[in-house]
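Bear in mind the structure is a predicted one, so any value in this text is a computation, not a measurement. Protein chains get the first letters and strands the later ones, always in sequence-line order, with residue 1 at the start of each.
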Number of protein chains: 2
Amino acid sequence: MRRRAGRPSQALLGQGQITRAALKLVARDGYKALTMSGLAKSLNVAPSALYNHVASKQDVLLLVEDALMGRVDVSAFARMPWAEAVRLWAHSYRDVFSAHLPLIPVIALLPVTNAPQTIKMYEAVTDGFLRAGWPQERIVDAIVALESFIFGSAYDANAPADIFATGELAEEAPHFSAAVSLRRNPAGHNDADAAFALGLDALVAGLAATLAG
Amino acid sequence: MRRRAGRPSQALLGQGQITRAALKLVARDGYKALTMSGLAKSLNVAPSALYNHVASKQDVLLLVEDALMGRVDVSAFARMPWAEAVRLWAHSYRDVFSAHLPLIPVIALLPVTNAPQTIKMYEAVTDGFLRAGWPQERIVDAIVALESFIFGSAYDANAPADIFATGELAEEAPHFSAAVSLRRNPAGHNDADAAFALGLDALVAGLAATLAG
DNA sequence: TCACTAAATGAATAACGTTCATTTCCATTA
DNA sequence: TAATGGAAATGAACGTTATTCATTTAGTGA
């Protein structure tokens with residue numbers, strides 16, 4: 001299904017073009033606007049034409065997902081101690097997908113086969129774990145644990161500020177309501193960032209202790 | 001919008017009935033089958049009749065979500081030390097929503113107002129944290145961090161076994177591929193459970209250290 | 001020039017959530 | 001008893017959605 005090399009004219013569509021158009025569409029109008037019709041229109045093409053290059057809309061989401069994985073910064077693993085590198089990677093990972101929540105089920109549930117950027121990222125992270133002395137057989141579990149936290153935190157980063165407002169039922173949950181109203185964080189940090197930092201520090205410290213023990 | 005008390009016959013629909021029917025439908029045929037038409041049919045009613053008791057399908061999901069929150073076991077907080085209670089609660093929480101992935105965006109993004117079971121759960125958890133000596137102003141962040149990990153782990157629990165199969169690109173990620181193939185866990189535990197246990201232990205230990213420090 | 005093929009088209013379909021005018025049926029009031 | 005009011009059910013309709021299919025277009029190689 002790859003496109004031939006020597007085909008100068010009439011080369012309208014391709015997976016690359018579709019991916020770029022989808023990214024642009026999502027950046028401008030969000031995922032609600034990422035429809036096959038809208039995508040086709042942005043490429044000046046009929047919706048059905050997309051199906052010559054892509055098997056389904058899921059396929060489009062996979063292409064977009066892999067492209068975004070290339071934006072996750074793994075460079076810290078090559079130049080920093082493990083704990084600090086994990087923190088920087090996790091922050092970058094969360095920030096990228098906070099703006100792409102609908103992709104999280106795709107990442108979390110679909111095989112990485114044929115997702116080169118995704119595999120590349122995992123390789124860089126694995127390298128960092130190996131250099132830190134992690135035993136091969138625990139590395140994937142550790143990465144999965146960190147990823148689970150990151151995905152959940154990406155959701156949390158998009159939660160409205162009043163998500164824990166108890167409303168009329170406040171009297172039935174006095175301790176929780178009090179804890180919610182006392183939740184105040186350092187200037188410049190919103191609630192989601194504080195919870196993310198707290199959990200990430202705990203997770204990294206706990207994993208380091210596991211490795212040492 | 002509450003139903004009157006003395007209305008014996010003709011009492012066809014109500015939020016309670018809708019919630020129960022939706023839970024039954026999902027348990028039998030999954031979330032793909034939870035459509036307004038299917039839900040109405042299971043209640044022997046026209047689809048439009050549902051809108052007399054519910055504003056939207058989102059509303060139905062909210063009702064289901066709150067009902068499920070009642071199934072999360074928080075009893076350990078009343079009878080066990082903090083670390084062990086958190087572990088049991090987290091396991092129960094993950095297990096409940098592993099079978100209800102489509103609800104995770106709903107839980108993570110929508111206010112808890114008018115979700116009594118949800119608020120009840122948070123109150124029980126908050127109580128447990130208070131008894132363990134946590135300062136009020138950190139409790140919500142700690143719960144949010146744990147929840148983020150739990151939601152992500154619920155996704156992971158539904159991932160196919162071959163999710164990390166690198167396929168044709170294995171040569172470009174040798175270290176990762178090796179780590180994936182060495183990922184083997186004790187009998188009776190699948191991969192997702194091992195990663196969940198590893199991360200949960202690390203998170204709990206790390207949070208305990210934060211509290212102590 | 002002629003076939004072959006990749007790729008675009010436009011019409012069509014089924015399923016979805018949702019709206020709305022209308023009707024039904026019960027409980028209350030006159 | 002008869003009339004009234006209102007909650008709730010109906011069935012038809014609408015606008016989107018992803019996806020399919022037969023058909024046409026146009027460029028390439030023989």
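Going from atom CG of Asp59(A) over to atom C1' of dA18(D) covers 13 Å, rounded to whole Å. For Ile18(B) and dA8(D), the CD1 to C1' distance is 12 Å, given to the nearest whole Å. Here the P atom of nucleotide dA7(C) and the CG atom of Leu43(A) are 15 Å apart, to the nearest Å. Between the CG atom of Leu50(A) and the P atom of dT19(D) there is a distance of 10 Å, given to the nearest Å. A straight line from CG of Asn52(A) to P of dT5(C) spans 16 Å, rounded to a whole angstrom. Remark: C1' of dT9(C) and NZ of Lys41(A) are 15 Å apart, rounded to the nearest angstrom. In this structure, Leu13(A) atom CG and dA8(C) atom P are separated by 5 Å, rounded to whole Å.
Distance CD1/Ile139(A) to CH2/Trp134(A): 8.0 Å, rounded to 0.5 Å.
For the pair Tyr122(A)/Thr118(A), a side-chain contact is recorded, criterion being any heavy-atom separation below 4.5 Å from C-beta on.
Using bins of under 30°, 30° to 60° and over 60° for the plane-to-plane angle, the ring pair Phe151(A)/Tyr93(A) lands in the perpendicular bin. Tyr155(A) and Tyr155(B) have parallel rings, their planes meeting at less than 30° on a 0 to 90° scale where 60° marks the start of perpendicular.
For the pair Arg94(A) and Asp193(A), the salt-bridge criterion is met [side-chain N within less than 4.0 Å of a carboxylate O].
Legend: residues meeting salt bridge (Lys or Arg N to Asp or Glu O under 4.0 Å) with Asp201(B), ordered by chain and number and at least two apart, are Arg87(B).
For dA6(C), the OP1/OP2 oxygens have no side-chain nitrogen or oxygen of His53(A) closer than 4.0 Å.
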Strictly under 3.5 Å: I want the nitrogen or oxygen pairs between protein and nucleotides 17-21 of chain C, one per line.
| from | atom 1 | to | atom 2 | distance (Å) |
| --- | --- | --- | --- | --- |
| dG17(C) | OP1 | Lys57(B) | NZ | 2.9 |
| dG17(C) | OP2 | Met36(B) | N | 3.0 |
| dT18(C) | OP2 | Tyr51(B) | OH | 2.8 |
| dT18(C) | OP2 | Lys57(B) | N | 2.9 |
| dT18(C) | O5' | Tyr51(B) | OH | 3.4 |

